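In this text, all values refer to a predicted model and were calculated from it rather than measured experimentally.
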Amino acid sequence: MAKIDRVRNLGIVAHIDAGKTTVTERFLYYSGRIHKMGEVHEGEATMDWMPQERERGITITAAATTLSWRDHELHLIDTPGHVDFTIEVERSLRVLDGAVVVFDGVAGVEPQSETVWHQADRFHVPRLAFVNKLDRTGAELDRVVHEIRDRLQGHPVPIQLPIGAEDKFSGLIDLVEMRALRFPADDEEESTFEPIPADLLDLARAARERAIEAAADLDDALAERYLGGEEISADQLRKGLRKATLAGRIQPVLCGAALRNKGIQPLLDAVIDYLPSPTEVPAITGIDPKTHDPLERASDLRQPLAALAFKVQMDDGRKTVYVRVYSGSLKAGEEVYNPRLGKTEKVARLFSVHADKRERIEKVDAGWIAVAMGLKETGTGDTLCATAKPILLETITAQEPVISVAVEPASLADKDKLDLALAKMTDEDPTFRVREDTDTGQTLISGMGELHLDIVVDRIRREYGVEARVGRPQVMYRETVRAPGEAEQRFERNMTDDKGKERVIYGHARVRVTPRPRGTGSLVRSELVAAPGTLPPPPALVQAALTGLREASASGPQGFPMEDVEATLLELQVQPGASTEIGHRVAASEAFRGACRDAGTSLLEPIMKLEVLSPEDFMGEVLGDLNARRAQISDVGFRGTSRLITAKVPLRNVFGYSTELRSRSQGRATYSMTFAEYDAWQ
């Protein structure tokens, strides 16, 4: 194992088709990890190992690998770009120290680019930007940099400039070393360094000045030299850029054309130069599971074990768990404590991973990512820690599903096999849900989109050998309250215990519900005030009532989960000897439902943000179809020579949109779609 300061944990993230997997494939090739580059479009990319990925030419699951570059060890995760699999990006960024965000040099900032960028913002992940496909018609570095600044509120700082454009893209200017890197005409030859062309020298000097100014904002020594008129060396600038990148103040921008092997080695150098080692990121924070006091663990072997299980995957029916170790060491054969379960589990075996291939190891040190087997009950987002020094890390939150379909086995004999397959997939994927419709008895599977559920059904058939019939897609609705409402409920029941003795179970609650701003989520809280001369209700009864409110919010008066509702516990009446936790929990649940009926509820549905890129000739057809789908057009602009339409549209109105768009544009228009919000749509 490399020393911890020579480790880089990074992810490759981007919108679909920006070239993430191609970049990863080149990383593996130039580092010597593989000896032949597989192409995504040929279904032979190393990191796209699932059959469904190779057939569709897309990444579905985050794939991990390890490679070496410049005496450093890189743990790399290639993530999906499709919105349906955004949980793979979420849980990867949660455990990574840095990221390379890949942008299409023609398309620029696309919807999923925004999603992954803001996910990285939320986890404070330092990142590089790589503008890919600069050899394509319409590619332009300056425009993409401008969009990163304007649309993503980023702080992009180019440290390279392209030599030539589109099909004449022939090299890069390295602004740190102030030299040109010329690409060979023959892919078998090596790139060569040479002086910067005279006609680009002034442009390069001005760009380097801007890079120095950006780095000097956080580096006082560099600022003094710069303001004093001293020459800034490459090492001084590199150090200043690194400091600003780790602080999240800038994002260095590099460029190239991954499919043509252009700009990959400088990008690998930049990963080493500008992204952090595990020791350069803040200590991980958590709480003591018993006292809830805040705790932290530095990336140090001498600290107690703290690790996060960030991904569960089935491998030939066996459960494997991807683990990031933050402190201490994780050893094969040892017992680890899971605070969520309140019990220990044994790590049977440990592996380093390369896509779908594994190498057995005996120990994983702080700062490393590995795969563990033997953790039977551990799930995504669980903490693994030392029993004597427990810590509970922040878990990984998953978005709620937006679409569901009914699924049933082709024969009764396959019913148990289908249930087993669905249970294992639920364990793997936090955004995939299974439930039984109480009215029809059907099994409903829910996910993030049509593609997500298509992949699930395909896997059921291939991996588990179950032929399944699938119904039409259905939207997952939510409910919210239209106005404030209040209700009071008393629960009283005579019960007979095991010894035949009768006792009264009593509970009482008064609850108020109020609407919250759209997209802010639901909130449960207490505003209990003890009457003068009386004792406040016991904390256990208060907690039981609040639990009842949370449980009740899972299903509103119309049968859908509640969204954007504030539920406030106003009053509990306690009867000594009769009040029980279950009584107050039931009373609070019923009071919540009564308050919702008093307030009145309305349905919310998933609204999608849609971007359609169409040639001018088909604009009328495309806009007419969007209007028929009751889309809300927010902008019609240009991207290169094509027209870019931005709109919001209810999910229920875009089923089958891909086929319709191809038909109306002779296959020349494309679209991308991301979840925007739950809202009412008139």
Measuring only between side-chain heavy atoms, which start at C-beta, is Tyr322 closer than 4.5 Å to Gln313? yes
Does Leu453 reach the side chain of Ile403, with side-chain heavy atoms less than 4.5 Å apart? yes
Pair Arg490 + Glu488: basic N to acidic O under 4.0 Å: no
For Arg324 and Val95, indicate whether the former's side chain and the latter's backbone hold a donor-acceptor pair under 3.5 Å. yes
Paired with Val347, the side chain to side chain contact (heavy atoms under 4.5 Å, CB included) test is passed by just one of Val336, Leu384, Thr378, namely Val336
Ser299 vs Val281 side-chain heavy atoms within contact, under 4.5 Å: no
Hey, does Val475 have a side-chain heavy atom less than 4.5 Å from the side chain of Phe655? yes
Qualifying ring pair (Phe, Tyr, Trp, His ring centres under 6.0 Å) pairs, either residue in residues 536-582, two or more places apart: Tyr477-Phe560
Between Lys376 and Asp427, does any NZ, NE, NH1 or NH2 come within less than 4.0 Å of an OD or OE carboxylate oxygen? no
Given side-chain hydrogen bond (donor to acceptor under 3.5 Å, both in side chains), test Thr601 with Glu479 step by step and report yes or no. CA-CA 6 Å; Thr601 64; Glu479 276 183 76; 3.0 Å; yes
Using a strict cut-off of less than 4.0 Å between a Lys/Arg side-chain nitrogen and an Asp/Glu carboxylate oxygen, indicate whether Glu408 and Arg469 qualify as a salt bridge. yes
Test your reading of the model: is there a side-chain donor-acceptor pair from Asn338 to the backbone of Leu341, 3.5 Å cut-off? yes
Between Thr291 (side chain) and Asp293 (backbone), is there a donor-acceptor pair under 3.5 Å? yes
Residues Arg478 and Glu605 bridged, charged N to O under 4.0 Å: no
Heavy-atom distance under 4.5 Å between the side chains of Ile645 and Asp635, does that happen here? no
Indicate, with yes or no, if the rings of Tyr506 and Phe491 have centres closer together than 6.0 Å. no
If I compare all heavy atoms of Asp564 with all of Pro517, which pair ends up nearest, and what's the gap? CG-O, 3.7 Å
Could you tell me whether a side-chain N or O of Arg94 sits under 3.5 Å from a main-chain N or O of Glu394, the two making a donor and an acceptor? yes
With rounding to the nearest 0.5 angstrom, report the CZ to CD distance, Arg91 to Gln119. 12.0 Å
Go through the steps for Gln112 and Glu114 under the test side-chain hydrogen bond (donor to acceptor under 3.5 Å, both in side chains), then give the verdict. CA-CA 5 Å; Gln112 192 66 1; Glu114 296 185 50; over 6 Å; no
Within-4.5 Å side-chain heavy-atom neighbours: Leu546 and Val542: yes
NZ/Lys389: more than 12 non-hydrogen atoms of other groups inside 6.0 Å: no
For Arg518, is there an ion pair with Glu563 - N to carboxylate O distance below 4.0 angstrom? no
Atom CZ of Arg122: over 12 foreign heavy atoms under 6.0 Å: yes
May I ask you to check whether Gln575 and Gln573 show a side-chain donor-acceptor distance below 3.5 Å? no
With the threshold set at 4.0 Å, does a side-chain nitrogen-carboxylate oxygen contact exist between Glu400 and Arg433? yes
Please check this pair: side chain of His584 against backbone of His508, looking for a donor-acceptor N/O pair closer than 3.5 Å. yes
So that I can tick it off, tell me whether Glu611 and Arg151 are bridged by a salt bridge, with the cut-off set at under 4.0 angstrom between side-chain N and carboxylate O. yes
So, do Lys343 and Glu335 sit near enough that their side-chain heavy atoms are less than 4.5 Å apart? no
Donor-acceptor pair, distance only, cut-off 3.5 Å: does the side chain of Glu428 make one with the backbone of Met314? yes
I'd like to know if Glu566 pairs up with Arg525 as an ion pair, taking the criterion as any Lys NZ or Arg NE/NH1/NH2 lying under 4.0 Å from an Asp or Glu carboxylate oxygen. yes
I'd like to know if the side chain of Asn653 and the backbone of Pro650 have a donor-acceptor N/O pair within less than 3.5 Å. no
Under a 4.0 Å threshold between the charged nitrogen and the carboxylate oxygen, would Glu590 count as salt-bridged to Arg585? no
Between Glu486 and Arg510 (salt bridge meaning N to carboxylate O under 4.0 Å), is one present in this structure? yes
Do Tyr671 and Leu610 have side-chain heavy atoms sitting under 4.5 Å apart? yes
